[in-house]
Amino acid sequence: GQLRIPMYVKIHGRSVPFPLVLTANSVGPRVEVDPPMLDWGPIKCLEPLTRHVKLTNNSCIDASIRAFMNERKSLWTVHPKIIHLSPQETLQLAVTLDINETCNMQDTLNLIVQEGEDLTVQVKGKGVGTPVKCDLDIDYIDFGTIFTTRTESREIVIRNYGQAARRINWLRDKEKDKAKDKKEESGDKKGGKKKNGDDDTPPPPVFRVEPEFVVMEPRSAYRFTVMAMSPAAGELEEVLVCNETLDKGGGVGKPIFRPKLRANFVAPQLRLSTRDINFVFLWAKDRPVAPLTEPLSLNNVGPLDIRFKVEVQYPFSVDVDEGVIPSNGSQDILIDFDPAFKSDRKSCVVRQKLNIQYDEHPAVNTVELVGKVVW
């Protein structure tokens, strides 16, 4: 500002000093900013974008500047925050926007110049896309090879980084369904009308997500379970669509994820060395009444390990009740027949089934067992 300093000059031969007044205008560093306003325009949510502000010290003295955003929880960040400019020095100040909502946002960049004139830069931008993200890449989810009728699941975590609650809804891809329906209708026309009593109920979906619908609060996360199950064997693919709608305001749902799901369903492929085993005990005075034994070989010719259980009733028995057979592996079991079960010593024939069941699968393999006792 303005300064006024009194001064006195003493002149020889004059008893009274001569008065003077010194005036001056004191100024600090002159810092210029360009541009005075920054507009990011449309920017994808959660994808940081940096723009620059040019600072110039257009003076003959050093300038110290402190930079900060006006909002306490601003979407903009500035780097560096403490700046020192020599005379005529220029600096590109980095300002980064990481927007988390699909609406217009604005703030003010403050530049406090020590002993100089403070400056401001107006900043604004508009978020597009969605602030809802998944921790993993779910564009393609492959369940690999799994057994039919068995439900296989994968867990995914979806996070709402936005400032508003959102309704999340999982649906089947309508375009794929329409193409499938047209194909089925074309097949029906070629094959003729359906007979009375034919079931028009569509089969249950092979792939699904639980829960199908949820409201996600701002800055929250939810764990979804993606499941695959088919009663029929074969390689299947399907596309699911995850729609997002603002909880307040509604509107048409916007697809944010469109994962393609695939699974190869197979049934247990167990090959038995025989389907029938016959035991014959012929009594003789010199022959002890002891169990008869026959072998049975189980060969797993499928791509997955098989966990099995064997069920059989007396007078038949096995040495292995349960086990696991790796892919392309085998298991040998011994089947016993006890002819001593006939305490009345009358000749007879016993017929039973040996059942081989699978863990979490309804398929059953059977072996016909026949035990003949002749006294």
I need the minimum non-hydrogen distance between Gln269 and Asn300, along with the two atoms involved.
O-OD1, 3.4 Å
Look up atom CZ in Arg208 and atom OG1 in Thr151, then write down how far apart they are to the nearest 0.5 Å.
6.0 Å
Using the salt bridge (charged side-chain N to carboxylate O under 4.0 Å, His left out) rule, take Lys133 and Glu244 through it: C-alpha gap first, then chi angles, then the decisive distance, then the call.
CA-CA 11 Å; Lys133 299 295 180 182; Glu244 166 207 62; over 6 Å; no
Taking the six-membered ring for Trp, are Trp76 and Trp40 parallel (under 30°), tilted (30 to 60°) or perpendicular (over 60°)?
perpendicular
Quick one: CG on Leu354 to CD1 on Ile333, what's the gap to the nearest 0.5 Å?
6.0 Å
Give, for atom CZ of Arg219 and atom CG of Asn100, the distance between the pair rounded to the nearest 0.5 Å.
6.0 Å
Glu217: what forms a side-chain contact (heavy atoms from CB on, under 4.5 Å) with it, not counting sequence neighbours?
Ala165, Val215, Ser220
Check the angle between the aromatic planes of Phe265 and Phe207 and answer parallel, tilted or perpendicular using the 30° and 60° thresholds.
tilted
Side-chain donor/acceptor of Asp336 to backbone N/O of Pro291, under 3.5 Å:
no
Flag, side chain of His361 to backbone of Thr148, donor-acceptor distance under 3.5 Å:
yes
Show your working on salt bridge (charged side-chain N to carboxylate O under 4.0 Å, His left out) between Lys54 and Asp34 and close with a plain yes or no.
CA-CA 5 Å; Lys54 181 181 178 182; Asp34 182 46; 5.8 Å; no
Can you see which heavy atom on Asn160 is nearest to which on Met216, and at what distance?
ND2-O, 3.4 Å
Quick check against the 3.5 Å criterion: does Glu101 have a side-chain atom that pairs as donor or acceptor with the backbone of Gln163?
yes
Listed by chain and number, what are the ring pair (Phe, Tyr, Trp, His ring centres under 6.0 Å) partners of Tyr358, not counting sequence neighbours?
none
Approximate separation, where rounding is to 0.5 Å, of His52 NE2 and Leu91 CG
9.0 Å
Side chain proximity check, Ile82 to Arg66, heavy atoms < 4.5 angstrom
yes
Which pair of non-hydrogen atoms, one from Val33 and one from Val53, has the smallest distance, and what is that distance?
CG2-CG1, 3.2 Å
Rounded distance [0.5 Å steps], CG in Asp118 versus OG1 in Thr120:
9.0 Å
Rounded to the nearest 0.5 Å, what's the gap from CH2 on Trp170 to CD on Glu212? Could you check?
11.0 Å
Shortest non-hydrogen pair, Leu236 vs Ser230, comes out as CD1-OG, 3.8 Å
If the test is side-chain hydrogen bond (donor to acceptor under 3.5 Å, both in side chains), which one of Glu237, Glu238, Glu235 qualifies with Arg262?
Glu235
Smallest separation among heavy atoms of Pro131 and Leu46, with atom names:
O-CD1, 3.5 Å
Is a donor on one side and an acceptor on the other found under 3.5 Å between the side chain of Ser273 and the backbone of Ser297?
yes
In sequence, state the C-alpha distance, the side-chain angles, and the governing distance for Asp359 and Lys309, and then conclude on salt bridge (charged side-chain N to carboxylate O under 4.0 Å, His left out).
CA-CA 8 Å; Asp359 186 25; Lys309 292 182 180 180; over 6 Å; no
